[in-house]
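Handing you a structure now.
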Amino acid sequence: MKSRLQSGKSRIFVLLTVFVAVLILVGVLMHVKLRALLRGNIERQVAAQVKGVAQVAESELETELKKLETVSGLFESGKVSMSTLFTMLQEENPSSVFGILELDGETVQGEAMDVSGFSGVREAFRGNRGVSYQEGTGLLFSVPIYHNGNVKYVLYELMEEDVLPEMVTLSCFHGEGKILLATREEEIIIPYESWGEEDLRFLRSNAATDAFASISEKMIIATEGAAYCKEYGKQYLFVANVGDYDFVVVGSVDEETAAEGIFVIIKLVFWVFGLLLLLLAIGMAFVFGAEEKAKESEELRRAKEIADSANRAKSDFLANMSHEIRTPINTVMGMNEMIIRECKEESIKEYACNIQNASKTLLTLINDILDLSKIEAGKMEIIKERYFLSSVLNGVVNMVQVRANQKKLNFIVEVDETIPDELYGDEIRLRQVMVNLLNNAVKYTRTGSVWLKIEKEDVREKDIVLRITVKDTGIGIREADIGKLFHGFERLDQEKNRNVEGTGLGLAITSKIVDLMQGELKVESVYKEGSTFTVLLPQKIIRPDGIGDFEEKYHAYIQSLQSYRESFRAPEAEILVVDDNDMNLFVFENLLKKTQVKITKCTGGEACLDLVCEKKFDIIFLDHMMPGMDGIETMKQMREMEEYASKGAPVIALTANAIVGVRDMYIAEGFDDYLSKPIVGDELEEMLQRYIPKGKLLSEPVESAEETISETLPSGEEKQEETQWIDRELGLRYSGESEEMYREFMKMYCEMMPEKKERLEQCFREEDWENYTIAVHALKSTSLSIGGKILSEKALALEKAGKAQEFSFIKENHQDAMECYEKTVQEGRERIL
Ligand code: ADP
């Protein structure tokens with residue numbers, strides 16, 4: 001492609017060069033032709049001017065002759081005597097020499113002079129008037145004087161050479177041109193002052209001779225002519241006959257003067273032409289360029305089409321793969337959950353837990369690969385919705401807490417109470433970013449703590465920038481490796497991390513999601529000491545009310561989780577589930593066994609349509625990909641039916657297709673909701689709770705959340721006696737429902753008690769309230785993770801007092817809490833015996 005573009009460019013260059021060269025050639029030819037044309041014109045113009053000059057010269061000679069004739073006429077008629085005539089002439093023109101000759105050539109009047117050499121004298125004796133020239137003497141005007149019809153005398157006037165320029169004044173081109181009067185035999189009669197020696201010599205040069213030869217040719221048919229002579233400083237030479245006399249006027253004028261500014265116009269025209277040429281060249285370059293670009297973009301478009309279709313094929317492949325892989329995992333996970341729920345044998349339950357963990361990892365891996373390919377294909381969308389930050393944090397903290405507990409790490413959560421709770425943004429992606437960073441922090445930390453801090457970086461009316469900090473006391477990252485952190489499939493420090501599960505995709509996805517959300521991700525790390533990942537994330541504010549005490553909210557959430565699990569039953573609810581895969585139907589049914597809902601199963605669209613006509617279902621779960629009529633088609637046909645028993649029942653799409661935007665797609669197609677496969681028991685139950693008519697939901701009375709999260713410590717002996725210090729169910733939940741793991745936790749909790757308690761007592765004695773608060777914070781979460789709800793609540797109250805610097809409260813309640821600690825551990829020991 002590149003070489004094709006290059007050859008395209010060199011073709012444009014050659015084409016342009018040829019084009020400009022042709023234009024220049026045309027310009028030069030035009031210039032030559034125009035100049036030749038102009039010179040011809042100027043020659044004619046010069047000749048016309050000179051003709052005028054020759055006429056002036058002729059009229060001057062004529063005037064002089066006429067004067068002589070008039071005077072001689074007076075004498076002939078006897079009106080004046082010869083001497084009077086002579087005196088009259090001399091008085092009138094004193095610089096000329098006058099004389100009257102007899103037939104024999106003798107001077108009868110005037111100074112005796114030899115004028116026999118003048119042809120004009122001879123002509124006058126023959127009765128003809130005339131003007132003749134003799135070099136060295138001057139110009140002689142002669143007229144015959146008649147007596148009785150015969151020539152008797154000749155009257156002449158001689159203008160001597162030195163006075164000639166004054167007597168016959170000629171000029172041309174307003175004095176700018178040079179002119180002289182000459183005989184036709186090329187004798188110069190009057191060389192006017194403007195002629196220098198050099199000029200006169202030039203007139204005899206070969207170049208001038210050539211020019212004069214061309215003028216002579218023109219004068220065969222005309223009385224005047226002009227020719228351009230480059231050698232003489234771009235001058236025009238010209239010649240014109242002076243009437244019938246034997247004289248010519250000869251001269252020269254430079255081109256500028258002769259052209260009278262025409263050349264300025266020509267220069268102007270050429271400038272304009274040059275400019276036009278340039279413009280044209282630029283225009284052509286643009287046109288060629290545009291054409292090439294059009295070709296290139298056509299090629300690029302085609303290449304893009306091919307790439308797009310390849311990409312579409314890749315996306316389709318991924319979508320199908322995700323469907324194909326998720327479906328069997330769905331079955332595996334579902335069946336496995338049944339084993340965990342129903343099997344009484346601990347060792348088998350443990351195997352099942354391992355299967356569950358491996359399946360979850362596999363699912364995460366598939367999701368990560370899908371996410372990355374979605375991002376790379378530009379298909380990852382940021383779907384903004386209204387959400388509650390506290391609810392996102394509840395989910396995230398709950399999940400990470402379990403993992404942190406498993407690794408015996410402190411997990412400390414600090415949330416700025418004033419951060420608005422109700423925000424607008426992509427909740428799912430926000431959760432993904434936090435979970436990825438926190439999972440890494442837990443994964444890459446062997447001992448110590450993991451912190452999650454939520455603060456506000458910047459708040460402006462409806463906008464907030466959240467600062468999410470995830471800090472750990474883990475293995476840290478070498479400075480040299482920090483740059484590689486966000487490369488996909490890159491795992492650092494392989495030696496140390498060999499036993500840590502991971503693909504090297506998490507951070508690449510996280511950083512890309514943060515980019516898509518117009519946020520910023522920063523890392524600081526000290527090798528072998530720990531790392532801090534900070535995310536700055538702009539979100540919109542829906543309501544400015546602060547999130548409040550997150551600890552409190554979190555506890556309420558944990559309580560609600562418990563009560564939810566215990567309370568939900570709906571024996572009257574009728575559910576229809578449609579899936580072509582029997583295994584999926586089996587898993588679906590078993591997942592809901594405890595809820596006692598009535599489940600009708602069917603394996604195809606047609607059967608589904610029959611069933612909804614016959615029976616009134618409360619919810620219809622419809623698989624998307626089915627042979628024959630698929631889920632969307634089935635749903636559409638159902639909606640088109642006028643009357644059917646299940647009319648109005650919500651239809652929920654079931655799909656293993658994890659491609660982005662799928663949720664919107666199902667809603668747009670007309671489904672009420674969407675549930676992704678593999679189906680997670682909790683999600684399915686939550687969905688049922690949402691859509692089963694309220695009247696059919698049975699809930700057993702449980703403690704209200706408010707009561708449970710009461711900030712005051714449970715007080716009085718009577719309560720302690722009644723209470724079991726440890727809530728086993730809660731502890732099991734935090735141990736991934738694994739009895740084995742729960743026992744391990746409990747063992748560790750009990751073993752660590754003396755050390756932890758001593759630390760607390762020491763801080764209390766020394767009134768080191770800062771460290772007391774940290775220690776009591778750890779006690780709060782570790783106690784909760786083994787189900788020590790009462791102790792956890794006491795620790796929470798003490799921690800709050802520490803933070804609020806209400807030390808008297810600590811002093812009053814410390815002892816009580818320590819006793820509770822001992823009782824909890826005592827009960828714990830009894831349970832694991
Ligand atoms: P994974 O954890 O699946 O290997 P990630 O993309 O999440 O992939 O992380 C890439 C690499 O960055 C990890 O393999 C690990 O070497 C390093 N890393 C990420 N988070 C941390 C952390 N909190 N502490 C130390 N190293 C980390």
Side-chain angles (χ1 to χ4, degrees), residues 322 325 329 357-376 380 396-397 399-414 428-454 467-517 519-537 658:
S322 88
I325 298 173
I329 296 181
N357 286 339
S359 316
K360 276 183 186 163
T361 310
L362 187 58
L363 207 57
T364 316
L365 181 63
I366 291 166
N367 286 341
D368 276 358
I369 294 175
L370 276 171
D371 269 353
L372 200 68
S373 48
K374 268 183 270 168
I375 292 171
E376 277 166 6
M380 168 78 79
V396 171
V397 172
M399 183 178 155
V400 177
Q401 182 77 64
V402 176
R403 294 187 184 181
N405 287 346
Q406 285 165 358
K407 287 189 76 177
K408 296 170 202 123
L409 299 174
N410 285 330
F411 179 35
I412 302 156
V413 183
E414 287 170 29
I428 292 170
R429 299 300 161 204
L430 171 65
R431 184 173 307 191
Q432 195 174 357
V433 166
M434 287 201 265
V435 166
N436 276 354
L437 296 179
L438 283 164
N439 276 348
N440 276 352
V442 173
K443 264 200 306 192
Y444 300 106
T445 304
R446 288 194 194 111
T447 54
S449 314
V450 168
W451 283 265
L452 169 66
K453 237 190 230 179
I454 312 285
R467 170 187 278 269
I468 303 162
T469 313
V470 174
K471 194 175 148 199
D472 62 57
T473 54
I475 58 167
I477 302 157
R478 285 198 184 93
E479 214 179 318
D481 286 340
I482 288 201
K484 299 184 209 158
L485 266 184
F486 305 116
H487 297 174
F489 299 98
E490 188 123 24
R491 303 203 70 212
L492 315 172
D493 221 347
Q494 297 279 12
E495 283 285 294
K496 276 191 172 182
N497 294 338
R498 204 176 309 128
N499 299 324
V500 183
E501 261 180 25
T503 53
L505 288 177
L507 282 182
I509 295 170
T510 305
S511 85
K512 282 178 176 139
I513 291 177
V514 171
D515 277 353
L516 281 175
M517 292 168 97
E520 213 182 307
L521 174 59
K522 291 188 270 192
V523 196
E524 280 166 41
S525 187
V526 179
Y527 190 53
K528 292 186 179 161
E529 284 185 21
S531 316
T532 307
F533 287 78
T534 310
V535 181
L536 298 181
L537 213 58

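When reading the values below, keep in mind they use all heavy atoms of this one structure, side chains included, and skip hydrogens, waters and symmetry mates. Order of listing sets the numbers, starting from 1, for every ligand and every atom in it.
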For Gly474, is the nearest heavy atom under 4.0 Å from an atom of ligand 1?
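Per 4.0 Å heavy-atom rule, Gly474 does not contact ligand 1.
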Without hydrogens or angle criteria, can the side chains of Arg403 and Gln406 be said to hold a donor-acceptor pair below 3.5 Å?
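Gln406 and Arg403 do not have a side-chain donor-acceptor pair below 3.5 Å.
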Quick check for you: to the nearest 0.5 Å, what is the distance between Lys528 atom NZ and Arg478 atom CZ?
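Output value for this atom pair is 7.5 Å.
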Identify, by atom number and element, the atoms of ligand 1 in contact range of Lys443, meaning under 4.0 Å from any of its heavy atoms.
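Here the atoms of ligand 1 in question are 1 (P), 2 (O), 3 (O).
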Would you indicate which of Asn436, Asp481, Ile509, Ile477 comes nearest to atom 26 (N) of ligand 1 when only heavy atoms are counted?
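Shortest heavy-atom distance from atom 26 (N) of ligand 1: Ile477.
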Is the closest N or O pair between Ile475 and ligand 1 shorter than 3.5 Å?
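No; the residue has no nitrogen or oxygen that sits under 3.5 Å from a nitrogen or oxygen of the ligand.
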Counting heavy atoms only, which of Tyr444, Phe533, Tyr527 comes nearest to atom 13 (C) of ligand 1?
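Looking at heavy atoms only, Tyr444 sits closest to atom 13 (C) of ligand 1.
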Have a look at Val442, Ile482, Leu485 and point out the one with the heavy atom closest to atom 12 (O) of ligand 1.
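The residue whose heavy atom sits nearest atom 12 (O) of ligand 1 is Leu485.
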Counting heavy atoms not belonging to Glu524, are there more than 12 under 6.0 Å from its CD?
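No, CD of Glu524 has 12 or fewer neighbouring heavy atoms, counting only those of other groups under 6.0 Å.
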Using a strict threshold of under 4.0 Å (side-chain N to carboxylate O), is an ion pair present between Lys484 and Asp481?
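Yes, this pair counts.
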Would you kindly specify which portion of Asp472 sits under 4.0 Å from ligand 1, judged on non-hydrogen atoms: side chain, backbone, both or neither?
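It is the side chain that gets close, since no backbone atom is under 4.0 Å.
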Hey, does Phe486 sit under 4.0 Å from ligand 1 if you only count heavy atoms?
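The answer is no: ligand 1 sits nowhere under 4.0 Å from a heavy atom of Phe486.
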Does a donor on one side chain and an acceptor on the other come within less than 3.5 Å for Asn436 and Gln432?
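No, Gln432 and Asn436 have no side-chain donor paired with an acceptor closer than 3.5 Å.
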Would you kindly specify which portion of Leu507 sits under 4.0 Å from ligand 1, judged on non-hydrogen atoms: side chain, backbone, both or neither?
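Under 4.0 Å from ligand 1, Leu507 contributes backbone and side-chain atoms.
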With side chain to side chain contact (heavy atoms under 4.5 Å, CB included) as the test, would you mind laying out the steps for Phe533 and Asn440 before giving the verdict?
CA-CA 10 Å; Phe533 287 78; Asn440 276 352; 5.6 Å; no
